[in-house]
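Data block below; observations after.
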Amino acid sequence: MPTTLRISDLPAHAGSTVAVNAWVMTTRSSGKIGFIVVRDGSGYLQAVVGKRDVAPDLWERFEGLTQETSVRLEGTVRADARAPGGVELSLSALAVLGPSVEFPITPKEHGTAFLMERRHLWLRSRRQVALMKIRHEVVQAIRDFFHERGFTLVDTPILTGSIGESAGTLFETEYFDLGKAYLAQTGQLYVETACAALGKVYCFGPTFRAEKSKTRRHLTEFWMVEPEVAFADSDANMRLQEEFVSYIVARVLDRRKAELADLERDPKPLESVVPPFHRITYTDAVAKLQGMGSDIVWGKDLGAEDEARLTDGLDRPLFVMNYPKEAKAFYMKENPADPRTVLCDDCLAPGLGEIIGGSQREDDYDLLLARIRAQGLPEESYGWYLDLRRYGTFVHSGFGLGVERTVQWITGTPHIRETIAYPRMMYRLYP
RNA sequence: UCCGGAGUAGCUCAGUCGGUAGAGCAGCCGGCUGUUAACCGGCGGGUCGGGGGUUCGAGUCCCUCCUCCGGAGCCA
(Lines give C-alpha, C1' and ligand atoms only; values in the text may rest on other atoms or scores of the structure.)
Protein backbone atom coordinates (compact mmCIF):
# COMPACT_ATOMS: atom_id res chain seq x y z
CA MET A 1 0.00 0.00 0.00
CA PRO A 2 1.55 3.33 -1.07
CA THR A 3 2.42 6.09 1.41
CA THR A 4 -0.33 8.62 2.01
CA LEU A 5 0.90 12.18 1.54
CA ARG A 6 -0.49 15.69 1.63
CA ILE A 7 -0.52 17.47 -1.71
CA SER A 8 2.06 20.06 -0.60
CA ASP A 9 4.58 17.24 -0.12
CA LEU A 10 4.23 15.78 -3.62
CA PRO A 11 6.89 17.81 -5.51
CA ALA A 12 9.55 16.08 -3.38
CA HIS A 13 8.24 12.65 -4.41
CA ALA A 14 8.33 12.81 -8.22
CA GLY A 15 8.52 9.28 -9.63
CA SER A 16 7.02 7.63 -6.54
CA THR A 17 3.68 5.91 -6.27
CA VAL A 18 1.69 7.59 -3.51
CA ALA A 19 -1.83 8.01 -2.15
CA VAL A 20 -3.70 11.26 -1.48
CA ASN A 21 -6.94 11.80 0.44
CA ALA A 22 -8.81 14.83 -0.86
CA TRP A 23 -12.02 16.42 -2.15
CA VAL A 24 -12.97 16.75 -5.82
CA MET A 25 -13.08 20.38 -6.98
CA THR A 26 -13.88 19.67 -10.63
CA THR A 27 -13.51 17.03 -13.31
CA ARG A 28 -13.00 17.31 -17.06
CA SER A 29 -13.09 14.65 -19.74
CA SER A 30 -12.30 14.35 -23.40
CA GLY A 31 -13.86 10.94 -23.76
CA LYS A 32 -10.66 8.92 -23.59
CA ILE A 33 -8.70 11.01 -21.10
CA GLY A 34 -9.93 12.49 -17.85
CA PHE A 35 -8.74 15.09 -15.36
CA ILE A 36 -9.62 15.43 -11.67
CA VAL A 37 -8.65 18.51 -9.69
CA VAL A 38 -8.68 17.89 -5.95
CA ARG A 39 -8.03 19.86 -2.76
CA ASP A 40 -6.77 18.55 0.58
CA GLY A 41 -6.16 21.84 2.42
CA SER A 42 -2.43 21.77 1.78
CA GLY A 43 -2.73 22.47 -1.94
CA TYR A 44 -4.36 21.60 -5.23
CA LEU A 45 -3.58 18.61 -7.43
CA GLN A 46 -4.59 17.46 -10.89
CA ALA A 47 -4.86 13.72 -11.44
CA VAL A 48 -4.93 12.27 -14.95
CA VAL A 49 -6.62 9.08 -15.99
CA GLY A 50 -6.41 7.53 -19.47
CA LYS A 51 -9.35 5.29 -20.39
CA ARG A 52 -7.09 2.75 -22.12
CA ASP A 53 -4.56 2.74 -19.29
CA VAL A 54 -6.85 1.66 -16.48
CA ALA A 55 -9.40 -1.02 -15.62
CA PRO A 56 -12.95 -0.31 -16.88
CA ASP A 57 -14.34 -0.06 -13.33
CA LEU A 58 -11.86 2.70 -12.47
CA TRP A 59 -12.91 4.68 -15.55
CA GLU A 60 -16.52 4.22 -14.58
CA ARG A 61 -15.85 5.57 -11.08
CA PHE A 62 -14.08 8.55 -12.62
CA GLU A 63 -17.09 9.31 -14.83
CA GLY A 64 -19.37 9.18 -11.78
CA LEU A 65 -17.36 11.68 -9.72
CA THR A 66 -19.21 14.77 -8.61
CA GLN A 67 -18.07 18.05 -7.06
CA GLU A 68 -16.87 17.73 -3.42
CA THR A 69 -16.84 13.93 -3.34
CA SER A 70 -14.13 12.83 -0.90
CA VAL A 71 -11.73 10.40 -2.55
CA ARG A 72 -8.59 8.42 -2.10
CA LEU A 73 -6.32 8.67 -5.13
CA GLU A 74 -3.36 6.43 -5.84
CA GLY A 75 -0.90 7.02 -8.61
CA THR A 76 2.55 8.06 -9.76
CA VAL A 77 3.75 11.60 -9.12
CA ARG A 78 4.96 13.18 -12.34
CA ALA A 79 6.39 16.63 -13.03
CA ASP A 80 4.40 18.25 -15.85
CA ALA A 81 4.40 21.89 -16.86
CA ARG A 82 0.83 21.59 -18.16
CA ALA A 83 -0.48 20.77 -14.68
CA PRO A 84 -1.47 23.54 -12.28
CA GLY A 85 1.04 23.25 -9.43
CA GLY A 86 3.82 21.71 -11.48
CA VAL A 87 3.21 18.07 -10.61
CA GLU A 88 0.31 15.80 -11.41
CA LEU A 89 -0.75 12.30 -10.52
CA SER A 90 -1.08 9.51 -13.08
CA LEU A 91 -4.00 7.69 -11.56
CA SER A 92 -3.79 3.96 -10.88
CA ALA A 93 -6.52 3.58 -8.25
CA LEU A 94 -9.53 5.60 -7.17
CA ALA A 95 -11.77 5.05 -4.16
CA VAL A 96 -14.85 7.10 -3.33
CA LEU A 97 -14.81 7.73 0.43
CA GLY A 98 -17.88 9.95 0.68
CA PRO A 99 -20.22 10.81 -2.20
CA SER A 100 -21.51 14.35 -2.72
CA VAL A 101 -24.80 15.03 -4.47
CA GLU A 102 -25.54 18.39 -6.13
CA PHE A 103 -23.09 20.59 -4.25
CA PRO A 104 -24.81 23.99 -4.31
CA ILE A 105 -21.79 26.18 -5.00
CA THR A 106 -20.83 25.56 -8.62
CA PRO A 107 -17.73 27.00 -10.27
CA LYS A 108 -19.95 29.72 -11.75
CA GLU A 109 -21.15 33.08 -10.46
CA HIS A 110 -23.04 33.47 -7.21
CA GLY A 111 -24.29 36.47 -5.26
CA THR A 112 -23.06 37.20 -1.76
CA ALA A 113 -26.45 36.53 -0.14
CA PHE A 114 -26.50 33.04 -1.66
CA LEU A 115 -22.92 32.39 -0.59
CA MET A 116 -23.36 33.75 2.94
CA GLU A 117 -26.32 31.42 3.50
CA ARG A 118 -23.93 28.60 2.63
CA ARG A 119 -20.86 29.98 4.35
CA HIS A 120 -20.02 26.51 5.71
CA LEU A 121 -19.66 25.26 2.12
CA TRP A 122 -18.29 28.49 0.66
CA LEU A 123 -15.24 28.04 2.93
CA ARG A 124 -14.11 25.21 0.66
CA SER A 125 -13.57 27.50 -2.31
CA ARG A 126 -10.08 28.43 -3.38
CA ARG A 127 -10.52 32.10 -2.53
CA GLN A 128 -11.80 31.39 0.98
CA VAL A 129 -9.05 28.85 1.65
CA ALA A 130 -6.47 31.50 0.69
CA LEU A 131 -8.09 34.07 2.97
CA MET A 132 -8.16 31.70 5.94
CA LYS A 133 -4.51 30.79 5.43
CA ILE A 134 -3.48 34.42 5.30
CA ARG A 135 -5.55 35.14 8.39
CA HIS A 136 -3.77 32.29 10.13
CA GLU A 137 -0.41 33.72 9.08
CA VAL A 138 -1.37 37.16 10.42
CA VAL A 139 -2.45 35.68 13.77
CA GLN A 140 0.73 33.61 14.03
CA ALA A 141 2.85 36.66 13.17
CA ILE A 142 1.07 38.65 15.91
CA ARG A 143 1.88 36.02 18.53
CA ASP A 144 5.47 35.63 17.35
CA PHE A 145 6.10 39.38 17.30
CA PHE A 146 5.09 39.88 20.92
CA HIS A 147 6.67 36.66 22.12
CA GLU A 148 10.01 37.62 20.52
CA ARG A 149 9.90 41.02 22.23
CA GLY A 150 9.29 39.76 25.76
CA PHE A 151 5.57 40.43 26.03
CA THR A 152 3.38 38.22 28.21
CA LEU A 153 -0.04 37.18 26.96
CA VAL A 154 -2.78 37.98 29.47
CA ASP A 155 -6.26 36.74 28.63
CA THR A 156 -8.89 39.25 29.70
CA PRO A 157 -12.53 38.43 30.52
CA ILE A 158 -15.19 38.42 27.87
CA LEU A 159 -18.00 38.74 30.42
CA THR A 160 -17.55 42.00 32.26
CA GLY A 161 -19.38 44.15 34.74
CA SER A 162 -17.79 47.52 34.24
CA ILE A 163 -17.89 49.02 30.81
CA GLY A 164 -14.97 49.94 28.63
CA GLU A 165 -15.91 52.94 26.60
CA SER A 166 -19.36 54.12 25.64
CA ALA A 167 -22.52 52.33 26.76
CA GLY A 168 -25.22 51.58 24.25
CA THR A 169 -22.91 49.60 22.01
CA LEU A 170 -22.61 46.68 24.41
CA PHE A 171 -24.23 43.28 24.20
CA GLU A 172 -26.08 42.68 27.44
CA THR A 173 -26.84 39.48 29.30
CA GLU A 174 -28.06 38.41 32.73
CA TYR A 175 -25.37 37.21 35.13
CA PHE A 176 -26.82 35.02 37.91
CA ASP A 177 -27.80 37.22 40.88
CA LEU A 178 -25.38 40.00 40.07
CA GLY A 179 -27.50 41.75 37.49
CA LYS A 180 -26.35 42.71 34.04
CA ALA A 181 -23.13 41.59 32.44
CA TYR A 182 -21.71 42.82 29.14
CA LEU A 183 -19.67 41.20 26.41
CA ALA A 184 -16.28 42.90 26.33
CA GLN A 185 -15.69 45.51 23.66
CA THR A 186 -12.08 45.88 24.74
CA GLY A 187 -9.62 44.17 27.08
CA GLN A 188 -7.68 47.37 27.52
CA LEU A 189 -8.61 48.34 31.07
CA TYR A 190 -7.68 44.88 32.29
CA VAL A 191 -4.49 44.71 30.28
CA GLU A 192 -3.44 48.08 31.73
CA THR A 193 -3.59 46.65 35.24
CA ALA A 194 -1.67 43.54 34.17
CA CYS A 195 0.93 45.88 32.72
CA ALA A 196 1.89 46.92 36.28
CA ALA A 197 2.57 43.27 37.04
CA LEU A 198 4.44 42.27 33.89
CA GLY A 199 5.68 45.42 32.17
CA LYS A 200 4.89 44.39 28.59
CA VAL A 201 1.63 42.53 28.02
CA TYR A 202 -1.00 41.91 25.39
CA CYS A 203 -4.43 40.39 25.15
CA PHE A 204 -5.82 38.77 22.03
CA GLY A 205 -9.36 37.62 21.62
CA PRO A 206 -12.82 38.29 20.30
CA THR A 207 -14.54 41.57 21.05
CA PHE A 208 -18.16 42.60 20.64
CA ARG A 209 -19.80 45.80 19.49
CA ALA A 210 -23.58 46.10 19.38
CA GLU A 211 -23.31 49.18 17.18
CA LYS A 212 -25.71 48.90 14.25
CA SER A 213 -23.00 49.36 11.69
CA LYS A 214 -23.64 48.49 8.07
CA THR A 215 -20.43 48.98 6.20
CA ARG A 216 -17.78 46.86 4.54
CA ARG A 217 -15.39 47.54 7.45
CA HIS A 218 -17.53 46.49 10.44
CA LEU A 219 -18.37 43.26 12.22
CA THR A 220 -20.30 42.90 15.47
CA GLU A 221 -17.83 40.23 16.61
CA PHE A 222 -14.20 40.66 15.64
CA TRP A 223 -10.73 39.80 16.89
CA MET A 224 -8.48 42.42 18.36
CA VAL A 225 -4.95 42.32 19.75
CA GLU A 226 -4.19 44.91 22.43
CA PRO A 227 -0.62 45.37 23.71
CA GLU A 228 0.16 47.61 26.66
CA VAL A 229 3.66 48.80 27.56
CA ALA A 230 4.83 50.30 30.86
CA PHE A 231 7.06 53.39 30.75
CA ALA A 232 6.28 53.96 27.07
CA ASP A 233 4.93 57.30 25.87
CA SER A 234 2.80 58.00 22.83
CA ASP A 235 5.83 58.32 20.57
CA ALA A 236 7.23 54.94 21.63
CA ASN A 237 3.73 53.55 21.12
CA MET A 238 3.68 54.60 17.48
CA ARG A 239 7.16 53.22 16.86
CA LEU A 240 5.94 49.87 18.21
CA GLN A 241 2.88 50.04 15.95
CA GLU A 242 4.83 50.65 12.76
CA GLU A 243 7.29 47.87 13.56
CA PHE A 244 4.41 45.56 14.37
CA VAL A 245 2.38 46.24 11.23
CA SER A 246 5.49 45.99 9.04
CA TYR A 247 6.40 42.67 10.67
CA ILE A 248 2.97 41.23 9.88
CA VAL A 249 3.04 42.40 6.26
CA ALA A 250 6.57 41.08 5.74
CA ARG A 251 5.56 37.69 7.14
CA VAL A 252 2.62 37.37 4.75
CA LEU A 253 4.78 38.43 1.80
CA ASP A 254 7.42 35.89 2.81
CA ARG A 255 5.19 32.88 3.44
CA ARG A 256 1.87 33.42 1.60
CA LYS A 257 2.83 34.41 -1.94
CA ALA A 258 0.72 31.60 -3.40
CA GLU A 259 -2.37 32.67 -1.47
CA LEU A 260 -1.92 36.32 -2.46
CA ALA A 261 -1.74 35.11 -6.06
CA ASP A 262 -4.95 33.09 -5.59
CA LEU A 263 -6.59 36.33 -4.48
CA GLU A 264 -5.06 38.24 -7.40
CA ARG A 265 -3.48 40.63 -4.90
CA ASP A 266 -0.44 42.42 -6.29
CA PRO A 267 2.27 42.12 -3.57
CA LYS A 268 4.22 45.13 -4.88
CA PRO A 269 2.42 47.87 -2.91
CA LEU A 270 2.88 45.85 0.30
CA GLU A 271 6.66 45.74 -0.13
CA SER A 272 6.94 49.45 0.74
CA VAL A 273 5.23 48.94 4.10
CA VAL A 274 8.26 49.57 6.34
CA PRO A 275 8.96 52.04 9.17
CA PRO A 276 8.67 54.93 9.50
CA PHE A 277 5.01 55.44 8.59
CA HIS A 278 3.67 58.85 7.66
CA ARG A 279 2.64 61.14 10.54
CA ILE A 280 0.32 64.12 10.81
CA THR A 281 -1.36 65.74 13.80
CA TYR A 282 -5.13 65.96 13.88
CA THR A 283 -4.91 69.75 13.85
CA ASP A 284 -2.70 69.78 10.75
CA ALA A 285 -4.93 67.15 9.11
CA VAL A 286 -8.00 69.33 9.61
CA ALA A 287 -6.24 72.30 8.00
CA LYS A 288 -5.10 70.12 5.10
CA LEU A 289 -8.57 68.64 4.60
CA GLN A 290 -10.18 72.07 4.64
CA GLY A 291 -7.73 73.04 1.92
CA MET A 292 -8.89 70.00 -0.06
CA GLY A 293 -12.51 71.06 0.19
CA SER A 294 -13.72 69.05 3.18
CA ASP A 295 -16.28 70.65 5.46
CA ILE A 296 -14.55 69.20 8.54
CA VAL A 297 -14.37 71.54 11.53
CA TRP A 298 -11.82 71.32 14.34
CA GLY A 299 -13.24 69.18 17.17
CA LYS A 300 -15.19 66.75 15.01
CA ASP A 301 -13.93 63.23 14.38
CA LEU A 302 -12.64 62.48 10.88
CA GLY A 303 -15.20 60.92 8.55
CA ALA A 304 -14.58 57.99 6.24
CA GLU A 305 -14.20 60.33 3.28
CA ASP A 306 -11.68 62.47 5.18
CA GLU A 307 -9.60 59.37 6.00
CA ALA A 308 -9.66 58.37 2.36
CA ARG A 309 -8.50 61.81 1.27
CA LEU A 310 -5.58 61.73 3.70
CA THR A 311 -4.31 58.28 2.71
CA ASP A 312 -5.06 58.42 -1.01
CA GLY A 313 -1.95 57.49 -2.97
CA LEU A 314 0.21 56.80 0.10
CA ASP A 315 2.70 53.91 -0.09
CA ARG A 316 2.36 53.01 3.61
CA PRO A 317 0.04 53.74 6.53
CA LEU A 318 -0.48 57.15 8.12
CA PHE A 319 -0.65 58.07 11.81
CA VAL A 320 -3.13 60.79 12.63
CA MET A 321 -2.08 62.02 16.06
CA ASN A 322 -3.55 63.89 19.02
CA TYR A 323 -7.28 64.20 18.49
CA PRO A 324 -9.52 66.62 20.41
CA LYS A 325 -10.33 65.41 23.90
CA GLU A 326 -14.09 65.42 23.26
CA ALA A 327 -13.78 63.06 20.29
CA LYS A 328 -11.90 60.39 22.22
CA ALA A 329 -12.24 58.03 25.20
CA PHE A 330 -11.92 59.12 28.81
CA TYR A 331 -8.70 57.22 29.54
CA MET A 332 -6.45 59.03 27.07
CA LYS A 333 -3.68 61.26 28.42
CA GLU A 334 -4.05 65.00 28.05
CA ASN A 335 -1.50 66.52 25.67
CA PRO A 336 0.72 68.87 27.75
CA ALA A 337 1.60 70.86 24.61
CA ASP A 338 -2.07 71.44 23.72
CA PRO A 339 -4.56 70.55 26.49
CA ARG A 340 -7.47 70.66 24.03
CA THR A 341 -6.10 67.38 22.66
CA VAL A 342 -5.03 63.96 23.95
CA LEU A 343 -1.91 61.88 23.20
CA CYS A 344 -3.26 59.31 20.81
CA ASP A 345 -3.05 57.99 17.25
CA ASP A 346 -5.16 56.32 14.64
CA CYS A 347 -3.20 54.23 12.14
CA LEU A 348 -4.86 54.54 8.73
CA ALA A 349 -4.10 51.97 6.05
CA PRO A 350 -4.23 53.26 2.47
CA GLY A 351 -7.38 52.14 0.72
CA LEU A 352 -9.05 50.89 3.90
CA GLY A 353 -8.89 53.31 6.83
CA GLU A 354 -8.33 52.73 10.52
CA ILE A 355 -6.65 49.47 11.48
CA ILE A 356 -5.24 50.66 14.84
CA GLY A 357 -6.39 53.02 17.55
CA GLY A 358 -3.81 53.74 20.24
CA SER A 359 -3.02 56.17 23.02
CA GLN A 360 -0.94 57.05 26.01
CA ARG A 361 -3.13 56.51 29.07
CA GLU A 362 -4.02 59.08 31.69
CA ASP A 363 -1.81 58.16 34.66
CA ASP A 364 -2.85 60.97 37.03
CA TYR A 365 -5.51 59.87 39.52
CA ASP A 366 -7.29 63.22 39.83
CA LEU A 367 -7.34 63.97 36.10
CA LEU A 368 -8.67 60.50 35.30
CA LEU A 369 -11.40 60.74 37.93
CA ALA A 370 -12.39 64.13 36.57
CA ARG A 371 -12.65 62.66 33.07
CA ILE A 372 -14.81 59.75 34.27
CA ARG A 373 -17.15 62.21 35.97
CA ALA A 374 -17.18 64.61 33.03
CA GLN A 375 -18.32 61.80 30.71
CA GLY A 376 -21.02 60.70 33.14
CA LEU A 377 -19.57 57.22 33.59
CA PRO A 378 -20.47 55.17 36.69
CA GLU A 379 -17.59 56.07 38.99
CA GLU A 380 -18.14 53.10 41.33
CA SER A 381 -17.42 50.64 38.48
CA TYR A 382 -13.94 52.05 37.94
CA GLY A 383 -12.48 51.69 41.44
CA TRP A 384 -10.12 48.93 40.43
CA TYR A 385 -9.06 50.86 37.34
CA LEU A 386 -8.36 53.99 39.38
CA ASP A 387 -6.29 51.92 41.84
CA LEU A 388 -3.67 51.58 39.12
CA ARG A 389 -3.05 55.33 39.58
CA ARG A 390 -2.92 55.11 43.39
CA TYR A 391 -0.21 52.48 43.76
CA GLY A 392 2.88 53.40 41.81
CA THR A 393 1.39 55.08 38.78
CA PHE A 394 3.47 55.07 35.63
CA VAL A 395 3.55 56.36 32.08
CA HIS A 396 2.05 53.70 29.83
CA SER A 397 0.63 53.31 26.35
CA GLY A 398 -1.04 50.74 24.18
CA PHE A 399 -3.16 50.15 21.15
CA GLY A 400 -5.69 47.83 19.55
CA LEU A 401 -5.27 46.29 16.12
CA GLY A 402 -8.25 44.75 14.34
CA VAL A 403 -7.31 41.38 12.86
CA GLU A 404 -10.03 41.29 10.20
CA ARG A 405 -9.29 44.81 8.98
CA THR A 406 -5.61 43.96 8.79
CA VAL A 407 -6.37 40.85 6.72
CA GLN A 408 -8.76 42.89 4.59
CA TRP A 409 -6.14 45.52 3.89
CA ILE A 410 -3.28 43.07 3.19
CA THR A 411 -5.38 40.91 0.89
CA GLY A 412 -7.25 43.78 -0.76
CA THR A 413 -10.59 42.11 0.01
CA PRO A 414 -13.51 44.45 -0.69
CA HIS A 415 -15.68 43.34 2.28
CA ILE A 416 -14.58 42.41 5.81
CA ARG A 417 -17.08 39.50 5.99
CA GLU A 418 -14.74 37.25 4.00
CA THR A 419 -11.81 37.69 6.41
CA ILE A 420 -13.36 35.59 9.21
CA ALA A 421 -14.81 32.10 8.83
CA TYR A 422 -18.21 32.92 10.31
CA PRO A 423 -18.81 36.67 10.29
CA ARG A 424 -21.28 38.12 12.75
CA MET A 425 -23.08 41.13 11.36
CA MET A 426 -26.17 43.10 12.19
CA TYR A 427 -28.38 40.93 10.00
CA ARG A 428 -26.46 37.67 10.11
CA LEU A 429 -26.27 35.06 12.84
CA TYR A 430 -26.38 32.00 10.57
CA PRO A 431 -24.62 29.71 9.91
C1' U B 1 -31.23 54.55 12.91
C1' C B 2 -31.02 57.41 8.16
C1' C B 3 -30.30 57.53 2.59
C1' G B 4 -30.17 54.67 -1.96
C1' G B 5 -30.71 49.93 -4.80
C1' A B 6 -32.56 44.91 -5.68
C1' G B 7 -35.99 40.41 -5.20
C1' U B 8 -38.13 36.42 -12.25
C1' A B 9 -35.67 28.64 -13.50
C1' G B 10 -30.81 25.33 -8.97
C1' C B 11 -27.24 29.95 -9.99
C1' U B 12 -26.29 34.85 -12.59
C1' C B 13 -29.49 37.89 -15.09
C1' A B 14 -32.81 39.98 -19.42
C1' G B 15 -37.99 40.91 -19.94
C1' U B 16 -39.67 47.14 -24.59
C1' C B 17 -45.77 50.55 -24.57
C1' G B 18 -49.82 46.41 -19.53
C1' G B 19 -51.26 41.41 -24.06
C1' U B 20 -49.55 33.28 -23.76
C1' A B 21 -42.16 33.46 -19.37
C1' G B 22 -36.53 34.20 -21.89
C1' A B 23 -30.89 33.52 -22.19
C1' G B 24 -26.21 31.76 -20.31
C1' C B 25 -24.44 28.45 -16.81
C1' A B 26 -25.61 24.14 -13.66
C1' G B 27 -28.34 19.11 -14.10
C1' C B 28 -29.47 14.76 -17.42
C1' C B 29 -28.35 12.11 -22.41
C1' G B 30 -24.82 11.74 -26.52
C1' G B 31 -19.75 13.10 -28.88
C1' C B 32 -14.45 14.16 -28.37
C1' U B 33 -6.96 11.35 -25.91
C1' G B 34 -3.93 17.11 -22.60
C1' U B 35 -8.16 19.63 -20.32
C1' U B 36 -7.36 24.60 -17.33
C1' A B 37 -14.70 28.13 -15.33
C1' A B 38 -12.74 22.62 -21.43
C1' C B 39 -15.63 22.36 -25.88
C1' C B 40 -19.92 20.68 -29.43
C1' G B 41 -25.24 18.74 -30.06
C1' G B 42 -29.93 17.53 -27.58
C1' C B 43 -33.56 17.38 -23.26
C1' G B 44 -36.13 18.65 -18.71
C1' G B 45 -36.82 22.90 -15.53
C1' G B 46 -41.21 28.86 -13.18
C1' U B 47 -45.95 30.27 -6.36
C1' C B 48 -42.13 36.37 -11.37
C1' G B 49 -40.54 37.80 -2.53
C1' G B 50 -45.80 37.88 0.46
C1' G B 51 -50.60 40.31 0.76
C1' G B 52 -54.06 43.82 -1.22
C1' G B 53 -55.72 47.13 -5.28
C1' U B 54 -56.50 49.27 -10.56
C1' U B 55 -57.66 46.75 -15.32
C1' C B 56 -61.07 42.74 -20.12
C1' G B 57 -55.93 41.43 -18.96
C1' A B 58 -50.31 42.76 -14.20
C1' G B 59 -43.48 40.11 -13.98
C1' U B 60 -44.73 45.22 -15.77
C1' C B 61 -48.97 50.36 -12.70
C1' C B 62 -50.52 51.76 -7.23
C1' C B 63 -50.47 50.64 -1.70
C1' U B 64 -48.33 47.75 2.12
C1' C B 65 -45.21 44.25 4.48
C1' C B 66 -40.82 41.03 4.33
C1' U B 67 -35.84 39.83 2.90
C1' C B 68 -31.18 41.03 0.93
C1' C B 69 -27.30 44.47 -0.97
C1' G B 70 -24.55 49.22 -0.87
C1' G B 71 -23.46 53.83 1.70
C1' A B 72 -23.49 57.23 6.27
C1' G B 73 -22.70 57.57 11.55
C1' C B 74 -19.80 54.74 15.36
C1' C B 75 -15.29 52.37 15.59
C1' A B 76 -10.68 47.88 15.15
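No hydrogens, no waters, no symmetry mates; every other heavy atom, side chains included, goes into these values. In what follows, every chain begins at residue 1, and chains take the letters A, B, ... in the order their sequences are listed.
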Checking base pairs now: Watson-Crick or wobble, both atom distances under 3.5 Å. What partners [N]?
N     : answer
B/G7  : B/C66
B/C2  : B/G71
B/A23 : B/U12

Worksheet item: With a 3.5 Å cut-off and no angle check, do the side chains of A/R361 and A/S359 form a donor-acceptor pair?
Response: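 Present: a donor and an acceptor within the cut-off.
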Practice prompt. Quick one: pull up CD in A/E326 and CG in A/D301 and give me the separation to the nearest 0.5 Å.
Written response: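 That separation rounds to 11.5 Å.
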Worksheet item: When rounded to the nearest 0.5 angstrom, what distance separates CD in A/Q408 from OG1 in A/T413?
Response: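 The CD atom of A/Q408 sits 6.5 Å away from the OG1 atom of A/T413.
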If I take atom [atom1] in residue [X] and atom [atom2] in nucleotide [N], what distance separates them, rounded to the nearest angstrom?
X      : N     : atom1 : atom2 : answer
A/D306 : B/C74 : CG    : P     : 10 Å
A/L170 : B/A76 : CG    : P     : 13 Å
A/E211 : B/U1  : CD    : P     : 12 Å
A/R217 : B/G73 : CZ    : P     : 7 Å
A/I296 : B/G73 : CD1   : P     : 10 Å
A/L115 : B/G10 : CG    : C1'   : 14 Å
A/Q185 : B/C75 : CD    : C1'   : 9 Å
A/M425 : B/G70 : CE    : C1'   : 13 Å

Worksheet item: Given that A/E307 and A/P414 both sit by RNA chain B, which one's nearest nucleotide is further toward the 5' end?
Response: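 Its nearest nucleotide being more 5', the pick is A/P414.
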Worksheet item: Start at the 5' end of RNA chain B and walk down; is the nucleotide closest to A/T26 or to A/I355 reached first?
Response: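 Comparing both residues, the 5'-ward one is A/T26.
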Fill in: A/R149 charged N/C atom sitting above A/Y202 aromatic ring, 6.0 Å / 45°
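Here A/R149 fails the 6.0 Å and 45° test against A/Y202.
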Practice prompt. Check whether NZ of the Lys or CZ of the Arg A/R118 lies under 6.0 Å from the centre of the six-membered ring of A/W122 and within 45 degrees of that ring's axis.
Written response: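 Judged by the rule, A/R118 and A/W122 form no cation-pi pair.
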Worksheet entry | Which atom of A/L5 lies closest to which atom of A/V18, heavy atoms considered |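 Taking every non-hydrogen atom into account, CD1-CG1, 3.6 Å.
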Using a heavy-atom cut-off of 4.0 Å across all strands, would you classify [X] as base, sugar-phosphate, or nothing?
X      : result
A/G353 : nothing
A/G34  : nothing
A/T215 : base
A/Y427 : sugar-phosphate
A/D301 : sugar-phosphate
A/L219 : base

Determine the interatomic distance between [atom1] on [N] and the same-named atom on [M]; round to the nearest Å.
N     : M     : atom1 : answer
B/C75 : B/U67 : C1'   : 27 Å
B/U8  : B/G49 : P     : 6 Å
B/C29 : B/C48 : P     : 30 Å
B/G19 : B/A58 : P     : 11 Å
B/U55 : B/C3  : P     : 33 Å
B/C68 : B/C32 : C1'   : 43 Å
B/C11 : B/C69 : P     : 16 Å
B/G45 : B/G24 : C1'   : 15 Å

Practice prompt. Kindly indicate whether the side chain of A/H110 and the base of B/C11 share any N or O donor-acceptor pair separated by less than 3.5 Å?
Written response: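 Under the 3.5 Å cut-off, the side chain and the base do not form any donor-acceptor pair.
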Worksheet item: For the base of B/C74, is there a side-chain donor-acceptor partner from A/S213 under 3.5 Å away?
Response: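 Result: at least one qualifying N/O pair found.
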Worksheet item: Can you check whether A/Y382 and A/F330 have ring centres sitting under 6.0 Å from each other?
Response: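 Here the rings of A/F330 and A/Y382 have centres that are less than 6.0 Å from each other.
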Discussion item. Can you confirm whether or not the ring centre of A/F208 sits under 6.0 Å from the ring centre of A/Y182?
Written reply: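 No: the rings miss the under 6.0 Å criterion.
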Worksheet item: Near A/E148 CD, under 6.0 Å, is it more than 12 heavy atoms from other residues, nucleotides or ligands?
Response: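 Counting other residues, nucleotides and ligands, CD of A/E148 exceeds 12 neighbours.
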Discussion item. By nearest atom, which of the nucleotides B/C11, B/C68, B/U1 is closest to the A/R428 side chain?
Written reply: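 Side chain of A/R428 sits closest to B/C68.
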Worksheet entry | Listed nucleotide nearest any side-chain atom of A/M224, set B/G73, B/C11, B/A76 |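 Looking only at side-chain atoms, A/M224 lies closest to B/A76.
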Discussion item. Just N and O in the side chain of A/H415: are any of them under 4.0 Å from OP1 or OP2 of B/G70?
Written reply: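 Answer yes for this pair, as a side-chain N or O of A/H415 is under 4.0 Å from OP1 or OP2.
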Worksheet item: Is any side-chain nitrogen or oxygen of A/R417 closer than 4.0 Å to OP1 or OP2 of B/G70?
Response: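 So the side-chain polar atoms of A/R417 do come within 4.0 Å of the phosphate oxygens OP1 or OP2 of B/G70, strictly under.
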Discussion item. So if I define the base as every atom that isn't primed, P, OP1 or OP2, how would nucleotides 28-34 of chain B read as a B/S/- string at a heavy-atom cutoff under 4.0 Å?
Written reply: ----BBB
Practice prompt. Mind jotting down which residue pairs meet the side-chain hydrogen bond (donor to acceptor under 3.5 Å, both in side chains) criterion with at least one end in residues 422-431 of chain A? Sequence neighbours excluded, please.
Written response: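 Only A/E117-A/R428 qualify under side-chain hydrogen bond (donor to acceptor under 3.5 Å, both in side chains).
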